[in-house]
Protein chains: 2
Amino acid sequence: MQIPNGLEPMNPSTADALASERGKAKFDVAEMRRFIIDEDMRTKLDKVNKVLSEDTETFNLRDVYFMSRKDKMDHALKIGARLIALMKEGRITSDEIVIADMVLDINGPFGLHRAMFIPTLQNQATPEQQELFLKPALNYELLGCYAQTEIGHGSNVQGLETTCTFVPETDEFEVHMPNVRACKWWIGSLGVTATHAIVMAQLIVNGKNYGPNPVVVPIRSTANHKPLKGVTVGDLGPKFGFNVMDNGFLLLDHVRVPRINLMQRYITVSRDGKVSRPANIDPKVTYGTMVYVRTNIVRNMSMVLAKATTIALRYTSMRRQFSGKADKPTSNNAESPVLDYGMVQYRLIPLLAKNYAMFATSQAFLKHYQECMAELNSGNFASLKELHATACGLKRWTSDVAIYGIDTCRHVCGGHGFSQFSGLNEFFGNSYPNIIWEGDNYVLSQQTARFLITQVRSLRKGKALADNQTTAYLRKHLPSGHIESVPGPAFVGRSIESIAADPEAQLDLLSYRAAAMASELVDQMDKEGQSWNRSLVAMQRLCDAHSDYIVSSYFRRHLSTLPAASPLLPVLNKLAALFFLHTLEQHSSDLFRLPGRAAFTTRQTAEIDGLLTQLIEEVREQAVPLVDSFGLSDLHLNSALGRSDGQVYENYLEWAMEDPLNRDDIGMAIRTEWFNKYYKPVLHSAEAKKQAKL
Amino acid sequence: MQIPNGLEPMNPSTADALASERGKAKFDVAEMRRFIIDEDMRTKLDKVNKVLSEDTETFNLRDVYFMSRKDKMDHALKIGARLIALMKEGRITSDEIVIADMVLDINGPFGLHRAMFIPTLQNQATPEQQELFLKPALNYELLGCYAQTEIGHGSNVQGLETTCTFVPETDEFEVHMPNVRACKWWIGSLGVTATHAIVMAQLIVNGKNYGPNPVVVPIRSTANHKPLKGVTVGDLGPKFGFNVMDNGFLLLDHVRVPRINLMQRYITVSRDGKVSRPANIDPKVTYGTMVYVRTNIVRNMSMVLAKATTIALRYTSMRRQFSGKADKPTSNNAESPVLDYGMVQYRLIPLLAKNYAMFATSQAFLKHYQECMAELNSGNFASLKELHATACGLKRWTSDVAIYGIDTCRHVCGGHGFSQFSGLNEFFGNSYPNIIWEGDNYVLSQQTARFLITQVRSLRKGKALADNQTTAYLRKHLPSGHIESVPGPAFVGRSIESIAADPEAQLDLLSYRAAAMASELVDQMDKEGQSWNRSLVAMQRLCDAHSDYIVSSYFRRHLSTLPAASPLLPVLNKLAALFFLHTLEQHSSDLFRLPGRAAFTTRQTAEIDGLLTQLIEEVREQAVPLVDSFGLSDLHLNSALGRSDGQVYENYLEWAMEDPLNRDDIGMAIRTEWFNKYYKPVLHSAEAKKQAKL
């Protein structure tokens, strides 16, 4: 099927529109990319894009939206196996494969072997066990997964029901699921792929329960992939997204493994059933791992959102609708680009500012993390709790912004956002689990709130606090733990315009808001006896207010690394001010509630709205160069709407024509079958009836 | 594949938990259903459920989540053809088929023939044309679709580029798309199914453009379904949802049709090219049709949300996580149902109250619509504009609440919400277009805002206003068009508790908020010269504030049809008060902004929060009976989590085991193929290398 000949060219063309947006750039796009995307990510992306471009037959996404789940998994396995082969040839590293998966938006069945199985062995296996399990794992001679969650137990790890019981008679462990609720569930790479599972199970020795511990259980033959005796295993079926991953279930029926299969770095069971825990292992180290996983999520969420904002901002600058309704005139009375409408700008431009804030935060936060890890390694654990609390808040904040940001980008593309060719839909489903895993965003906020509550209580009791970015603002605004103790913070009495131009004042306001909320919550809990459970809604808000401050602070910290004369700064400062004002506007009810003289007035919130609109209109003019600076390839976007060449409609139509239903071979066969089975009997039933009567 | 024998029963069981929730009911569920679901819907649902249960082989959804798009379409066509056959046998009506599609969540390829093609012919064809097109259409001897939207033109119908040019020489019209942007796009039932399209095209006669008009164009042979000459037509590919519908594209290359094919009820082109419009056709009648479509969306959105709240509230009352953290004790120190956690309640219970508000609104609004239509038929058009403005606002309000309500329900189910077996995911995609079609929700809000702005301007100029529910509140709060003219509305000075117990006071507050926002916006536009484009953000908020009032008002109106002693009223009054308080809480920044003495204080908003929490906790106890009252069948829910018998985990696991990948026949074949193609080369590459070296 082909576009008929003889159609006129479109005038004005979408490609010209995009080119004209690019012509407005007031900064160098390559220079901006070097600043906003961290060097590690940039280097890997460039390498990965090069490797992928050298085998365009294997690394091809053109048909991916047409595929059934089975075909998608086949496609992902083909790509996954090819990447492993390239790795074994030394042409790509294991870390770069993670980036390739991101570019291709393919979370394939080999993923959890790399992401969970190998790291767990590295952290929790003894040298003897590493020889036994890690070495073949690194060589892909066995394929692993990490089986913790059960169908009835997600957040509550202590409540797991799978048992791992020491059998002294045979020097083995017996791993067993006593009921359906204990069935392992959601385990990535388990459904079809894994030959081995690290199973989290209640360790029971001589009738005593030592809590959840990891044990390696072989589940499928490496020779023929058949499930081993006592193992019921399979794929847990289709999902909202992530369908190339074989998330699986596992039921073990009194399965025996040798004693050596229990991960023994942090706990040991001897031949005669003595349980011991090695000395000088600080359990706080595991916090470090959790924080590291979350620094990665923060970075990934920046890239996830960048894909969506790139598509939406390019497309809305090309899509035209109605003439003379936006405030800007168009040449020859052409329809206006929809990005010139106030409501489209309001939905996209602050999101773009957030995207910049996230990229900057991810760099500043990673630096901060590395500093803390250095302290940790020298035996100083003082910064760990704050780091963990902040990481939890940032994981929640960035994943919420990114996931619902994709939704905004889809909706702002109108009907075309609903097409798979927008690139935003499979991607939405594939990215969605980030708000659930590694701590559901709602559950996670309690970690951040708990830390803040504890600090405020300590201040009230006059206890000394550790020195860190959080306690710094709490001490400043709540010297005695009470907000009333500060008569009026520094921003009081200043115009919004002057605050928006002063990074220090912005941070002062945002941290004052978080401190006031923390103090109020502690009042409710400690003075009015409000239970933890009844405080959960307030904790979400407190967690987000803290994160608003932290993101702003990291954003500014990253901007401060630029020389004062940098040509990037004018637009970056606008983005930062816009981000600040939008945060205020979204949370104006918090501002009205600020205590005493700090409480905002209607006049002030109107000032915020006015200044925000003005900045949105200014940044809109640089929107396309700003998303171009993310540097995402067309393969990465895989979108008809967001293509870098701006040839939107032609390619969108051509892509649709490639749908299997439209093809001359298989499409014709399907359509003929349907005509004979369904359409013909419907269309010709009156005729058939007549003939039957004759 | 089967669940292994010998597993212990789960204790406490999910089924027992659900039964115990039901035991708490303080009202009769069947009686509540009769009150909250309108009679027409109830009757049709009961009939449809009966018809569907009589052929469980055809009307079976068990495998639907496993299907590829092609298989899903085949399944939908089979069901669609069967329903048409049942209709021809007189066992189901065309209207009931619409409800069957809703129950099955299948928007199949025959849908637009019924929903758009036939109604357009009924409204716009002359008797002669009805004989020619409508009669065979009603008999399904031709299959139609309605082709308006173009790839480059959605909201702006006047901007369509397809032309329909009169050719006097042959007494024909030539229908033509001049460029790719004019390609018809998104047209339901066009991709594979339709034999005829009603094409909206610029009517050109003797070089003069008479604007977009509908013309019937045969596009595929009814004998063999092959596209006719000059027709390029196909399916436009996979989408975020709605994938059993064959949305299509259409390019017509100078296609000729007889003159009679132009729909001639509202415009006529004579043999010699004279264009005339018949007298006594009031164009306002088309408003009536648009409003009717939107009353239907309001009703549908109530049912859409009911499916999601039923699943989420049943499931969260059975799902347990952590012990001793919710405020209520559990027997034997069992884990607490997650619905006992404050954050889960806060996300679900106000949504349940909204769901009740929507069902009540849909009934009261339909009554109101019918009254207006009766006036219209007697030549009184006074109520039409208000009806239209309110319908636009309600379409936006209800579809936003329903679509993002499904998302909330999915997320609150944790990981399991992400499984297709939750019933919430395909369904989310299939329901999502409601925020886009029939007026994108963002564009649509301008209709409501425009009406309110016009009324305020008229008040300021001392002009007379029509009498209706909107002008009633505007007149009350803005007698001269200015909010300042009312020194303090009636609710000022009253406690939140007393307002929440007084329906009149609630409506007074909500309407005062909308009136104040309307007045402020008119000030900005008329006094400060703010452009329309810069007012769009404020218009969204104004539109929603108006709708908050309208929904509350309709909710109360429907409750007032119950006798004062009705045993349903205690819980319904709680739901209404909860809905009111939640609306205030969500929009507290509007309350702080209210003018003069009406402006809320921090003490008042704290009172709102406290009372809201208390009501949420009370309504939570009735949550399962309240969703049971929606009366949705298990077929309708098609969910492992929301099953009426509460056997969650067993069925969830069994369903997963039925996944094609796990089956002994096809599953084994796929897995063996993958093992040989991908896993074996990865697992055995070291071995292979060794052997190669030998």
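Letters go in sequence order (proteins before strands), and every chain restarts at 1. Just so we're clear, the structure is a prediction, and the values are computed from it rather than from any experiment. Basis for what follows: all heavy atoms, side chains included, without hydrogens, waters or symmetry-related copies.
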Taking the six-membered ring for Trp, are the ring centroids of Trp185(A) and Tyr652(B) within less than 6.0 Å of each other? yes
With only heavy atoms counted, which part of Phe600(B) is less than 4.5 Å from chain A, the side chain, the backbone, both or neither? neither
May I ask you to name which of Gly667(B), Pro4(B), Pro681(B) has the most heavy-atom pairs under 4.5 Å with chain A? Pro4(B)
Look at Val537(A), Leu236(A), Ile436(A) and state which one has the largest set of heavy-atom pairs under 4.5 Å with chain B. Val537(A)
Which bit of Glu161(B) is near chain A, if near means a heavy-atom gap under 4.5 Å: side chain, backbone, both or neither? neither
I need the minimum non-hydrogen distance between Thr14(A) and Val648(A), along with the two atoms involved. OG1-N, 3.6 Å
Find the one option among Ser531(B), Pro136(B), Ala538(B) whose heavy-atom pairs under 4.5 Å with chain A are most numerous. Ser531(B)
Whatever's closer than 4.5 Å to a heavy atom in chain B on Val443(A) counts as neither
Going by heavy atoms in the side chains, are Phe322(A) and Gln158(B) under 4.5 Å from each other? no
Side chain, backbone, both or neither of Gln530(A) within contact of chain B (heavy atoms, under 4.5 Å): neither
Which atoms of Glu520(B) approach chain A - backbone, side chain, both or neither, heavy atom under 4.5 Å: neither
Looking only at heavy atoms, which two atoms of Gly234(A) and Asn662(B) are closest? And how far apart? CA-OD1, 3.4 Å
From the list Asn139(B), Thr193(B), Thr232(B), Asp590(B), the residue making the most non-hydrogen contacts under 4.5 Å with chain A is Thr193(B)
If I measure from the heavy atoms of chain A, does Glu426(B) come under 4.5 Å with its side chain, its backbone, both, or neither? neither
Heavy-atom pair of closest approach, residues Leu536(B) and Gly342(A): CD1-N, 3.9 Å
May I ask you to check whether Trp186(B) and Phe242(B) place their ring centers less than 6.0 Å from one another? no
Any idea which heavy atoms bring Val192(B) and Asp246(B) closest together, and the distance? N-OD2, 2.7 Å
Using a 4.5 angstrom heavy-atom cutoff, name the option from His587(B), Gln524(B), Arg410(B), Gln2(B) with the most pairs to chain A. Arg410(B)
Any ion pair linking Asp659(B) and Arg69(A) (charged N to carboxylate O, less than 4.0 Å)? yes
Is there a side-chain hydrogen bond (donor to acceptor under 3.5 Å, both in side chains) between Tyr65(B) and Glu658(B)? Walk through the geometry before answering. CA-CA 11 Å; Tyr65(B) 300 131; Glu658(B) 292 167 22; over 6 Å; no
Please determine, among Gly241(B), Pro660(B), Cys183(B), the option with the most heavy-atom pairs under 4.5 Å with chain A. Gly241(B)
In terms of the angle between their ring planes, are Phe421(B) and Trp655(B) parallel, tilted or perpendicular, with boundaries placed at 30° and 60°? parallel
Are Asn425(B) and Lys239(A) side-chain neighbours, meaning at least one heavy-atom pair lies under 4.5 Å? no
For the interface with chain B, which of Thr602(A), Ile151(A), Val344(A), Asn11(A) has the highest count of heavy-atom pairs at distances below 4.5 Å? Ile151(A)
Under a 4.5 Å heavy-atom cut-off, does chain B meet the side chain of Asn247(A), its backbone, both or neither? neither
Give, as side chain, backbone, both or neither, the part of Asp71(B) having an atom under 4.5 angstrom from any heavy atom of chain A. neither
Which answer fits Met177(B), side chain, backbone, both or neither, if we ask what part of it has an atom under 4.5 Å from a heavy atom of chain A? backbone
Part of His416(B) within contact of chain A (heavy atom distance under 4.5 Å): both
Let me know if Glu673(B) has heavy atoms under 4.5 Å from chain A in its side chain, its backbone, both or neither. side chain
Salt bridge check: are Asp74(A) and Lys677(B) linked by an N-O gap of less than 4.0 Å? yes
Interface residue of largest heavy-atom contact number with chain B, from Arg320(A), Met539(A), Gln321(A), under 4.5 Å: Gln321(A)
What part of Tyr442(B) gets within 4.5 angstrom of chain A, counting heavy atoms only: side chain, backbone, both, or neither? side chain
Can you tell me which portion of Leu424(B) sits under 4.5 Å from chain A's heavy atoms? Options are side chain, backbone, both or neither. neither
Relative to chain A, which segment of Tyr679(B) carries a heavy atom at a distance below 4.5 Å: side chain, backbone, both, or neither? side chain
Heavy-atom pair of closest approach, residues Val180(A) and Met10(B): CB-CE, 4.1 Å
Top residue by heavy-atom pair count (under 4.5 Å) with chain B, among Ser535(A), Ala326(A), Pro178(A), Gly237(A)? Pro178(A)
Taking only residues two or more places apart in sequence, or in another chain, which ones meet Arg534(B) in a salt bridge (Lys or Arg N to Asp or Glu O under 4.0 Å)? Glu617(A)
Chain A contact via Met343(B) - side chain, backbone, both or neither, heavy atoms under 4.5 Å: both
What residues, two or more places apart in sequence or in another chain, satisfy side chain to side chain donor-acceptor pair (under 3.5 Å) together with Asn533(B)? none
Nearest heavy-atom approach of Ser68(A) to Ser68(B) is CB-CB, 3.6 Å
Chain A contact via Arg593(B) - side chain, backbone, both or neither, heavy atoms under 4.5 Å: both
Does any backbone or side-chain atom of Ser419(B) lie under 4.5 Å from a heavy atom of chain A? Answer side chain, backbone, both or neither. both
Which one, Tyr404(A), Phe110(A), Tyr432(A), leads in non-hydrogen pairs under 4.5 Å with chain B? Tyr432(A)
Counting heavy-atom pairs closer than 4.5 Å to chain B, which one of Asn441(A), Ile435(A), Thr149(A) comes out on top? Ile435(A)
Which one wins on heavy-atom pair count under 4.5 Å against chain A: Phe66(B), Trp437(B), Trp532(B), Trp674(B)? Trp674(B)
